[in-house]
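All values below were derived from every heavy atom in this structure, side-chain atoms included, with hydrogens, water molecules and symmetry-related copies excluded.
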2 protein chains.
Amino acid sequence: MTKEPLVIFTPSGKRGNFPVGTPVLTAARQLGVDLDSVCGGRGICSKCQITPSYGEFPKHGLTVADDALSEWNAVEQRYEDKRGLKQGRRLGCQATIQNDVVIDVPPESQVHKQVVRKRAEARDIVMNPSVRLHYVEVQEPDMHDPSGDLERLVAALEDQWEIKDVCPDLHILHELQSALRKGKWAVTAAIHMGEAGERPRIMHLWPGYYDGSIYGLAVDLGSTTIAAHLCDLQTGEVVASSGLMNPQIRFGEDLMSRVSYSMMNPGGADEMTNAVREGMNALFTQIAAEAEIDKALIMDAVFVMNPVMHHLFLGIDPYELGQAPFALATSDALHLRAADLDLNLHPAARTYILPCIAGHVGADAAAVALSEAPEKSEDLVLIVDVGTNAEIQLGNKTKVLACSSPTGPAFEGAQISSGQRAAPGAIERVEIDPVTKEPRFRIIGSELWSDEDGFDIAVANTGITGICGSGIIEAIAEMRLAGLVDASGLIGNADQTGSARCIPDGRTQAYVLWQGTEDNPAITVTNPDIRAIQMAKAALYSGARLLMDKLEIDTVDRIVLAGAFGAHISPKHAMVLGMIPDCPLDKVTSAGNAAGTGARIALLNSEARSEIEQTVRDIVKIETAVEPRFQEHFVNASALPNSAEPFPILNAVVDLPDVSFNTGGNDDGDGGGRRRRRRRG
Amino acid sequence: MTKEPLVIFTPSGKRGNFPVGTPVLTAARQLGVDLDSVCGGRGICSKCQITPSYGEFPKHGLTVADDALSEWNAVEQRYEDKRGLKQGRRLGCQATIQNDVVIDVPPESQVHKQVVRKRAEARDIVMNPSVRLHYVEVQEPDMHDPSGDLERLVAALEDQWEIKDVCPDLHILHELQSALRKGKWAVTAAIHMGEAGERPRIMHLWPGYYDGSIYGLAVDLGSTTIAAHLCDLQTGEVVASSGLMNPQIRFGEDLMSRVSYSMMNPGGADEMTNAVREGMNALFTQIAAEAEIDKALIMDAVFVMNPVMHHLFLGIDPYELGQAPFALATSDALHLRAADLDLNLHPAARTYILPCIAGHVGADAAAVALSEAPEKSEDLVLIVDVGTNAEIQLGNKTKVLACSSPTGPAFEGAQISSGQRAAPGAIERVEIDPVTKEPRFRIIGSELWSDEDGFDIAVANTGITGICGSGIIEAIAEMRLAGLVDASGLIGNADQTGSARCIPDGRTQAYVLWQGTEDNPAITVTNPDIRAIQMAKAALYSGARLLMDKLEIDTVDRIVLAGAFGAHISPKHAMVLGMIPDCPLDKVTSAGNAAGTGARIALLNSEARSEIEQTVRDIVKIETAVEPRFQEHFVNASALPNSAEPFPILNAVVDLPDVSFNTGGNDDGDGGGRRRRRRRG
């Protein structure tokens with residue numbers, strides 16, 4: 001007997017010998033090669049496209065002849081005529097093995113294909129969605145051996161797809177008989193593969209072979225905005241992204257005012273639940289319209305949000321979250337029917353809500369953990385997601401800690417005299433010349449700096465309306481670097497600083513960043529502004545420092561700034577302010593909307609769901625409110641760093657002026673003895 | 001060390017030695033003795049009552065002293081004062097073991113208590129409901145170790161009740177936090193124990209200890225009437241029974257006319273689905289009012305019905321059931337949420353729908369099988385449930401067969417000249433004197449026979465309005481016994497029979513059962529009436545005979561007549577007509593509403609659900625429509641038995657007159673040669 005032909009699959013490297021005439025798809029399945037098929041090898045779906053390679057493969061000691069696969073057949077020709085096959089491609093279910101061959105499975109033919117992420121340090125997204133399509137041929141009924149149509153469909157799914165013990169949603173029973181007969185005893189089934197101890201479930205049936213796709217939503221439900229990505233559940237592609245304001249804003253700008261609203265108004269929590277669900281539905285309609293798909297093709301949705309939004313979205317009164325011990329109604333992940341949340345998607349659509357970490361550290365923080373995977377990191381990573389609360393995670397593959405720190409709204413431009421939300425017209429970047437003490441800045445909506453030609457024209461539409469969170473941070477940090485502010489946070493007067501932009505403002509000084517026009521008032525940085533930022537940054541730094549204490553470390557290997565705010569602040573300025581611990585500047589990266597990315601991972605890969613549930617169980621939760629050291633750190637951290645502070649890395653990069661503007665009457669402790677100024681050249 | 005006291009529990013006989021001071025409940029649990037407790041031994045629920053026995057127990061070689069148990073304590077006294085304890089009873093969680101003792105667990109303290117059934121041959125009902133109450137104490141939240149309230153409740157249920165991996169219905173999340181705090185960190189949970197691969201599920205929470213009961217419904221959804229039993233899920237007691245007309249009747253009296261309605265009218269199936277669900281809700285409101293309970297305490301409901309009602313109730317178009325191959329959409333048992341069927345019970349109420357056996361043999365037949373348990377029978381039992389279709393089951397513990405036979409509506413009084421539904425005024429019992437050929441009868445609504453004093457007064461209200469199914473069977477059988485009808489089914493004329501009550505009726509004769517009054521027309525039995533009954537009984541007999549052929553037997557050991565009709569017909573008359581095979585008359589019993597009883601068993605014992613699902617899978621289904629022998633039997637079975645027929649047992653009991661009234665022109669085959677009459681007397 002001659003040896004059976006050898007088949008080598010790339011990129012997996014899996015190999016085996018198969019009898020002449022074995023379809024490539026069959027060989028792939030037997031070897032466990034990741035080759036997609038919706039129709040089960042019937043030449044209908046064309047998902048199993050492969051590329052045979054011919055010629056010499058010295059590495060494998062193999063020569064592949066032109067006749068290694070069977071000849072191009074009629075099914076392939078029909079597909080080529082109808083849709084076109086890429087050069088060199090064959091259908092894996094049609095081409096059979098005739099001789100030794102090397103076969104490449106291109107990414108788009110892999111079930112568990114990887115979805116590209118740009119950031120090298122972030123985890124890969126491997127496709128493994130909860131809902132899948134399966135084409136199946138069902139036995140016709142037989143009076144001699146009576147059985148239900150459903151029972152024969154279930155048996156066929158087990159026979160042809162090894163999906164065991166599948167059960168139907170009720171509406172499937174309504175459509176089943178006509179779908180089977182219209183499809184001539186073949187249907188394409190959308191099946192929820194089963195999770196959390198649930199049986200696999202038939203969600204939808206199309207008569208015959210369904211040629212389209214199905215979709216899922218990754219939703220980041222923020223206090224201010226709701227953002228969603230619509231993803232193709234077969235390719236993993238984001239087909240549309242959209243967002244809208246959280247309609248709950250009319251009940252309160254920030255979370256605590258919404259919690260208060262629910263406490264003061266009977267039925268208030270329900271009102272807010274209805275509002276956010278209506279907002280969701282409006283967003284879903286909008287995103288489906290943008291993608292030009294039927295909303296009923298959306299079969300899965302993943303949600304991440306902070307604990308208060310979590311409770312309000314689920315219809316749970318957030319009362320307990322407003323007071324110690326901040327008990328969540330539930331912290332575990334939830335698998336719910338979209339219909340139970342009043343969401344108008346596919347009638348059988350499922351939802352998954354990520355677990356909350358603790359009463360102040362929500363499913364959004366869990367999503368950040370899923371995106372950034374600190375529990376898989378070799379080096380010690382600090383992940384900071386800044387909002388009204390900062391959620392802070394610190395750890396590596398040995399141990400991960402998490403806490404929340406009450407930064408307050410200053411980083412979002414609130415409580416700042418000229419502050420505003422990040423929106424067109426807001427100053428977002430600031431530089432101050434250390435010699436002249438003159439500022440220049442950029443506003444959101446324009447790429448030009450304020451001292452560049454055409455700036456006035458560029459900002460004519462929006463005006464210069466205020467300063468946003470990242471702008472105020474840069475402004476204060478630049479003021480510190482230019483010697484306009486001392487380490488205690490006091491602004492010097494015109495005399496002390498040599499800058500006419502320092503003007504009296506009550507008992508303290510203010511720095512005029514922009515003089516204003518007839519339409520828009522001047523923009524200044526006041527000493528109370530600096531105090532507000534000092535409080536916020538102290539909270540943030542103290543949280544991080546507390547976690548570092550728990551791990552008994554003084555420096556971290558890298559820092560990830562998550563969230564929209566994190567994407568806009570400059571690491572250098574953050575460190576000059578002492579917002580974040582000392583760390584090489586090139587090791588401080590922005591993860592963008594990591595919570596949204598985490599939601600997308602959970603949507604596209606159902607195994608990531610049990611993974612993050614385990615991670616969240618393993619995370620050590622630290623409650624800052626009951627940690628005495630948090631208060632200690634907070635008191636110590638309110639000052640801005642000076643050159644004597646433990647920021648050796650920072651001090652190597654920047655020169656922190658050793659100035660002090662304390663006036664005798666308002667002594668912060670280091671007295672007037674150091675009131676000399678050192679000017680930089 | 002002295003030997004630990006010996007504890008013997010009755011009636012189980014379980015025994016063991018326990019340290020002095022062990023609570024009786026603890027000892028019972030360790031031995032696996034079936035002793036109830038909702039509060040988990042905290043002296044709240046009083047479900048664990050036991051009766052210690054004192055004195056000599058020679059059988060056990062034991063003397064039980066008066067101090068065998070600890071002294072009556074304050075908890076017991078409080079309960080005694082508040083509610084009273086039966087003489088001699090103790091609370092199992094309070095009384096501790098001090099010395100050797102014999103302890104009786106009375107039936108009402110057993111979790112798996114038996115529900116009494118009157119019929120000796122029927123299976124017992126052992127309590128094991130799907131939904132149970134559990135009192136549980138939950139740990140308070142701790143900021144140092146944050147976790148959700150739900151997660152602590154789930155952990156407590158596992159710790160205190162060994163219920164693992166329980167999950168909540170969404171509405172539980174809405175109520176959880178206030179219930180825990182109102183109950184001072186103790187709640188009573190109604191838990192669906194999980195079935196069909198589902199996790200256990202929290203359905204309801206009461207703050208603290210809930211002292212009430214919870215309920216379930218066993219519903220028999222017939223084409224004509226919907227009947228329900230409301231059962232206490234803790235005691236098994238039927239607290240109310242009620243019924244109403246199926247509102248679908250306005251779409252057609254019988255099943256096939258409803259199937260036609262759905263075929264002829266777009267949306268017709270939906271109309272009928274809505275109608276039956278509205279009827280259900282009306283019935284549930286009515287039955288809850290009768291029992292004076294809150295409908296929201298109904299947490300489980302079991303439904304049985306024929307295949308067409310099954311589909312219409314579930315919202316499935318019954319189109320396919322109207323034509324070969326009579327394919328059911330689904331035949332398996334279904335576990336659904338009551339809300340998905342638009343039923344207004346507890347918001348989390350579950351429903352269970354028994355499996356269908358085949359396209360013509362529904363969940364009602366499965367319920368009959370559950371009630372009568374042919375698969376457990378030592379002797380060969382034939383079970384007949386007569387309606388428009390007769391569902392027939394035959395077998396024993398080796399094998400059970402089932403089929404359906406199209407008897408048509410004659411047994412329900414339709415197609416009979418003076419026929420009517422079983423209702424007050426209808427003749428239901430008939431006797432004919434074999435000498436005088438004079439009849440006497442009883443009507444529904446009166447206990448008196450028509451020749452007894454006071455009969456006229458007794459029937460004055462209802463009148464004598466017609467003859468119902470059981471009445472026409474007795475009438476024809478009595479006519480056959482009195483020699484008024486021959487074996488071919490022909491009525492003799494006055495001359496041949498010697499009775500002036502035999503009068504010409506077209507080309508044949510009729511027998512005047514009642515002369516009528518001014519208000520009510522006469523009631524006669526006509527030859528076409530006899531033909532209709534002959535067709536119906538032939539179908540029934542042929543179905544039974546076909547199953548007997550499959551088992552290669554000629555007699556059965558016993559016959560069970562199920563259904564309302566089965567409860568009213570006399571076995572002797574049924575056998576004289578040849579409706580049922582030959583069988584000792586004392587072995588023919590009525591099971592009453594066996595389908596309803598089966599529903600009640602499935603409601604009270606969740607294990608019975610998987611049991612009947614297995615039984616239904618094992619039942620061999622015979623489709624009469626494709627069995628040539630069914631047609632053969634049908635042709636042969638249309639005659640009435642005569643003394644030469646194979647009914648030896650019947651012939652030993654009754655004397656079947658050897659008469660023949662064939663007239664030459666309409667010869668049935670045995671010609672005029674036997675036209676002699678033999679008179680009894």
[atom1] of [X] to [atom2] of [Y]: how many Å apart, nearest 0.5 Å?
X	Y	atom1	atom2	answer
B:Leu150	A:Ser331	CG	OG	8.0 Å
A:Ser147	B:Asp332	OG	CG	9.5 Å
B:Ser178	A:Ile316	OG	CD1	11.5 Å

Taking [atom1] in [X] as the centre, count heavy atoms belonging to other residues, nucleotides or ligands within less than 6.0 Å. Is the count above 12?
X	atom1	result
B:Gln139	CD	no
A:Tyr319	OH	no
B:Gln323	CD	yes

Where is the tightest heavy-atom contact between [X] and [Y], given as atom of each residue plus distance?
X	Y	result
A:His174	B:Gly315	CD2-O, 3.0 Å
B:Ala329	A:Leu173	CB-O, 4.2 Å
B:Asp340	A:Arg337	OD1-NH2, 3.2 Å
A:Ala327	B:Arg152	CB-NH2, 4.3 Å
B:Thr330	A:Glu151	OG1-OE2, 2.6 Å
B:Gln177	A:Asp317	OE1-O, 3.9 Å

Look at B:His171, B:His311, B:Glu320 and state which one has the largest set of heavy-atom pairs under 4.5 Å with chain A.
B:Glu320

What part of A:Leu176 gets closer than 4.5 Å to chain B, counting heavy atoms only: side chain, backbone, both or neither?
side chain

Chain B heavy atoms under 4.5 Å from A:Leu153: which part of the residue, side chain, backbone, both or neither?
neither

Which of A:His335, A:Glu175, A:Glu627, A:Arg181 touches chain B most, by non-hydrogen pairs under 4.5 Å
A:Arg181

Flag the one option from A:Ile357, A:Leu328, A:Ile622 with the top tally of heavy-atom pairs under 4.5 Å to chain B.
A:Leu328

For the side chain to side chain contact (heavy atoms under 4.5 Å, CB included) test, which of A:Glu140, A:His144, A:Met143 pairs with B:Pro325?
A:Met143

Quickly, which of A:Glu623, A:His360, A:Lys621 forms a side chain to side chain contact (heavy atoms under 4.5 Å, CB included) with B:Pro146? Name it, please.
A:Lys621

So, A:Arg199 and B:Glu198, do they make that salt bridge, N to O below 4.0 Å?
no

Verdict with reasoning, B:Leu170 to A:Leu336, per side chain to side chain contact (heavy atoms under 4.5 Å, CB included):
CA-CA 8 Å; B:Leu170 181 57; A:Leu336 297 167; 3.9 Å; yes

